[in-house]
Protein chains: 4
Amino acid sequence: MKARTSKPGGEVGPPVAGQRSVARRPSKRLIGASERRAAIVAAGLDEFTAKGFAATRLDDVARRAGVAKGTIYLYFKDKEALFEELVRTALGPLVARLANPPTGEGSARDAVRTRAELFVREVIGTQRGDLLRMVIAEGGRFPALADFYYREVVSRGLAGMRKLIEYGIARGEIRNPEIAAHPQLMAAPLVMAVIWQGLFRTQAPLDTAAMLRVHLDLIFTDGRTA
Amino acid sequence: MKARTSKPGGEVGPPVAGQRSVARRPSKRLIGASERRAAIVAAGLDEFTAKGFAATRLDDVARRAGVAKGTIYLYFKDKEALFEELVRTALGPLVARLANPPTGEGSARDAVRTRAELFVREVIGTQRGDLLRMVIAEGGRFPALADFYYREVVSRGLAGMRKLIEYGIARGEIRNPEIAAHPQLMAAPLVMAVIWQGLFRTQAPLDTAAMLRVHLDLIFTDGRTA
Amino acid sequence: MKARTSKPGGEVGPPVAGQRSVARRPSKRLIGASERRAAIVAAGLDEFTAKGFAATRLDDVARRAGVAKGTIYLYFKDKEALFEELVRTALGPLVARLANPPTGEGSARDAVRTRAELFVREVIGTQRGDLLRMVIAEGGRFPALADFYYREVVSRGLAGMRKLIEYGIARGEIRNPEIAAHPQLMAAPLVMAVIWQGLFRTQAPLDTAAMLRVHLDLIFTDGRTA
Amino acid sequence: MKARTSKPGGEVGPPVAGQRSVARRPSKRLIGASERRAAIVAAGLDEFTAKGFAATRLDDVARRAGVAKGTIYLYFKDKEALFEELVRTALGPLVARLANPPTGEGSARDAVRTRAELFVREVIGTQRGDLLRMVIAEGGRFPALADFYYREVVSRGLAGMRKLIEYGIARGEIRNPEIAAHPQLMAAPLVMAVIWQGLFRTQAPLDTAAMLRVHLDLIFTDGRTA
DNA sequence: AATGAATGAGCCTTCATTCAT
DNA sequence: TATGAATGAAGGCTCATTCAT
């Protein structure tokens, strides 16, 4: 068992590649402070998801971001602050979209399916998925992070889900109304898929779409629209 | 975000009590090599689940196991080997029980329910749950571990689950036979529960039992037996 | 042993007040280069005496002086140059007063006593005392500073002292004329007092005035005038 | 002003030179734990007195002691603990000798002179003198150190001095009994000499012996014995 | 002249691993 | 087999100094 260290991927954030040319001052003031900050966050996302929190060296983050090590500390108090920011940045906007109020027209099933597909597209198998897996594991040791994550991501996501379920119940689409008390059941296959693809993609790739269709069939009375 | 470091719990593994007594040589040759090895694994389980892979110090593992630091290297090649062994030891036997062939008498729902309850009892909220969360996160970085985990734990667990589903289909208990192609759907709420209790227990404890009942109601036609 | 970092005092140097106001540009061109330089020196005095040479951060000096960090380098080659200048500025003028030629009228004892009292007032327990202690310790590692200090401060101070002693011998006030060869003996209790108050003020405050009276009594034949 | 960094001297502690030979395991267990500890303290004394507290690198201490950097941490909690220990070790035994009860026979002047000569021989111009100068300067920033130093060194030394003075008064040797209230006056020229030789040795060496003779003449009525 | 963002060398401390005993 | 002292590489963070603006 030898630890794998890097990974080609990197869907989130600007490429930032090309830094580290021989000329000592390649860009410097060509980019503003916020771009620089974004480059650090993007590099951090790459490194943290590839190596985990403890094994990530800020040296590598700096190199990947094309800045000096000390520069990181101009923008973030320490390694943990960078990690937190990164979770916020990478997952926050997505959750906002997932927690969108139900559109009001169309079926609840379609609304759920649309959101699930967004999740599949934007999270499963991407760095965001890796990050989510990181939070799952490290969260227990960083109560502040778990707190933040619950407040900003989970509770909002679940609230949105519950709204959708109630909407579906009102429309008579939901087979068993008791699920309204357990919106986690609606999300569970998505979490399962994130984990599966992160760990067992190579051993046994998961047909996420098919699985989700069956999942929706279990919950909704009529899948004609899917 | 300050890292939390220890945790009182510890349901899994042999007691290992008595270590750390004042007398420096508490037992020595009173215990054989395999007991010694077991003590190290048990201590490793405590430490790894409490602090994570990187933050665990072999010094602490040794102290907790009541052996010298160097002794660990007599039994394990390195830190990673100990971690692998520990996953094997802590989760292997459990999987064997979960993957038991269906008993042949009684309903499939009961069989699933029984196994789920075993999982809830033995994993969720215990060190095994913490370990499972660790594997979820670190697995991506330890391909050998992910491999092993897939072979020894996941594929066997899923095979058992599939058997149960087919048994249920044969008995006409299953609402939607398509679930046979996605046994992950059966397990997803359990995974979700492990994660939830590990991370958000304090913010919003989950009524696992209630959730599982609804879950079974979604899948099985008749819950009268539950 | 935890390092103490700041200290309220600050008798020496221009006020430098008003800096650190909320408005980012408090004065700028309202003050000339020499005022700016003086502000830096004054801030340096505060910081160096409070934290020592190595522990002083130029960042803090700059902030306290109300200038940008880079500005310091417009006036001083580096940290050491600032420290040297500061010693020159803070102790030079005082020495000039201490080394004043004997007034010609009045007793030698009174002249010594007057100068000692000046020293007590202006040095002991003040920032100048802290600075003197710094020089005592760091001097060995900064030969140029020790040189300067010897030339500008010590040799001149001792020469003045010797003059006073000879004046006293001529007037028959001195008990033992051999002290003329060792003017350091005259100053030794003052040095002792600076050190004592700097280190042991809290444990056992020193009655400097009483000690000095006895000291003079040992050297001068008649203390009636004191 | 360029900082001088090393210094050939080194009166205290075993030489410890010669370590770092090409062979990877030159001695190791040839020396015991306490010798190793002593070597670290001795190396620390060299380095701290040569460079000051902050500028001393534990890397250099380790190299000079012939051990690995990490080894220092087996014996001392951190840099400060090493420094404290070093002060204790280097100055403690000396103080014990200086604070010896007066012998009971012979003149007080002789007793003082003997102790002063011991101080001159063992402190002035040696590493112990450098260390003393360090304490003088850093003490203000390390209250715990100043505390320790006052308790272990200064108060004991002064108490011994006071005893001697009272012994001298009883024998009628002391010119001015008021000095009993200010034993610091007795020690002041010694402190002065330590500082002088540490800083101005090269500019103007001090004839310490001559100065001390005059000092004693000022205090004692009869110097015939000196 | 003045700024302050950026740099990167440097250092204390930790800890997995080794090995003489 | 067991020990635990010793090792030394590694990494987070600081801060004097530089330089584009």
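Only heavy atoms go into these numbers, but all of them, side chains included; no hydrogens, no water, no symmetry mates. Letters A, B, ... mirror the listed sequences (proteins, then strands); counts begin at 1.
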**OP:** Would you please test D:Thr89 and D:Leu86 for side chain to side chain contact (heavy atoms under 4.5 Å, CB included) and show each step?
**Re:** CA-CA 5 Å; D:Thr89 303; D:Leu86 185 157; 5.8 Å; no
**OP:** Nearest-nucleotide wise, let me know which of B:Asp59 and D:Ala55 is further upstream toward the 5' end of DNA chain E.
**Re:**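 Looking at DNA chain E, the more 5' nearest nucleotide goes with D:Ala55.
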Original post:
For DNA chain E, whose closest nucleotide is more 5', that of B:Ala54 or that of C:Thr71?
Top reply: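 Going by which nucleotide is closer to the 5' end, it is C:Thr71.
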Subject >> B:Ala68 vs D:Gly70, nearer the 5' end of DNA chain F by closest nucleotide >> reply: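 Going by which nucleotide is closer to the 5' end, it is B:Ala68.
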Between [N] atom [atom2] and [X] atom [atom1], what is the distance in whole Å?
{"X": "C:Ile40", "N": "E:dA1", "atom1": "CD1", "atom2": "P", "value": "12 Å"}
{"X": "C:Ile72", "N": "F:dA16", "atom1": "CD1", "atom2": "P", "value": "9 Å"}
{"X": "A:Phe53", "N": "F:dG12", "atom1": "CZ", "atom2": "P", "value": "9 Å"}
{"X": "B:Leu74", "N": "E:dA16", "atom1": "CG", "atom2": "P", "value": "17 Å"}
{"X": "C:Asp60", "N": "F:dA16", "atom1": "CG", "atom2": "C1'", "value": "13 Å"}
{"X": "B:Leu82", "N": "E:dT17", "atom1": "CG", "atom2": "P", "value": "11 Å"}
{"X": "C:Lys77", "N": "F:dA16", "atom1": "NZ", "atom2": "P", "value": "14 Å"}
{"X": "A:Phe76", "N": "E:dA6", "atom1": "CZ", "atom2": "C1'", "value": "15 Å"}

Of the candidate nucleotides [options], which contains the atom at the shortest distance from the side chain of [X]?
{"X": "B:Leu58", "options": "E:dT14, E:dA16, F:dA6", "value": "E:dA16"}
{"X": "A:Asp78", "options": "E:dT14, F:dC13, F:dA6", "value": "F:dC13"}
{"X": "C:Val67", "options": "E:dA16, E:dT3, E:dT14", "value": "E:dT3"}
{"X": "A:Lys79", "options": "E:dA1, F:dG12, E:dT7", "value": "F:dG12"}

Does OP1 or OP2 of [N] have a side-chain N or O of [X] closer than 4.0 Å?
{"X": "D:Arg36", "N": "F:dT7", "value": "yes"}
{"X": "B:Tyr75", "N": "F:dA2", "value": "yes"}
{"X": "D:Arg57", "N": "E:dG10", "value": "no"}
{"X": "D:Tyr73", "N": "F:dA6", "value": "no"}

**OP:** Indicate, yes or no, whether a donor-acceptor pair under 3.5 Å links the base of E:dT13 to the side chain of D:Lys69.
**Re:**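 Pair found.
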**OP:** Verify side chain to side chain contact (heavy atoms under 4.5 Å, CB included) between C:Arg36 and C:Leu74, making sure each step is shown before the conclusion.
**Re:** CA-CA 11 Å; C:Arg36 201 158 266 243; C:Leu74 296 176; over 6 Å; no
**OP:** For side chain to side chain contact (heavy atoms under 4.5 Å, CB included), just list the numbers for C:Thr49 and C:Leu45, CA-CA rounded to whole Å, side-chain angles, deciding distance to a tenth of an Å, and then say yes or no.
**Re:** CA-CA 6 Å; C:Thr49 55; C:Leu45 183 60; 3.9 Å; yes
Original post:
How far does CE of D:Met134 sit from CZ of C:Arg141, to the nearest 0.5 angstrom?
Top reply: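 So the CE of D:Met134 and the CZ of C:Arg141 are separated by 6.5 Å.
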Original post:
Could you write out DNA chain E as a dot-bracket string, with dots for unpaired bases, | for bases paired across to another strand, and Watson-Crick or G-U pairs counted at under 3.5 Å?
Top reply: .||||||||||||||||||||
**OP:** Under the salt bridge (Lys or Arg N to Asp or Glu O under 4.0 Å) rule, collect the residues that match up with A:Lys69, sequence neighbours excluded.
**Re:**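 Checked A:Lys69 against salt bridge (Lys or Arg N to Asp or Glu O under 4.0 Å); matches are A:Asp59.
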**OP:** Quick one: list whatever passes side chain to side chain donor-acceptor pair (under 3.5 Å) with A:Arg88, sequence neighbours left out.
**Re:**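 If we apply the side chain to side chain donor-acceptor pair (under 3.5 Å) test to A:Arg88, skipping adjacent residues, there are no hits.
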Original post:
Among all residues two or more places apart in sequence or in another chain, which pass the side chain to side chain contact (heavy atoms under 4.5 Å, CB included) test with C:Val87?
Top reply: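 With neighbours one apart ignored, the set is C:Phe83, C:Leu91, C:Leu131, C:Val135, C:Leu145, C:Phe148, C:Tyr149.
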**OP:** Under the side chain to side chain contact (heavy atoms under 4.5 Å, CB included) rule, collect the residues that match up with B:Phe76, sequence neighbours excluded.
**Re:**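 Per chain and number, B:Phe76 pairs via side chain to side chain contact (heavy atoms under 4.5 Å, CB included) with B:Arg37, B:Ile40, B:Val41, B:Ile72, B:Ala81, B:Leu82, B:Glu85.
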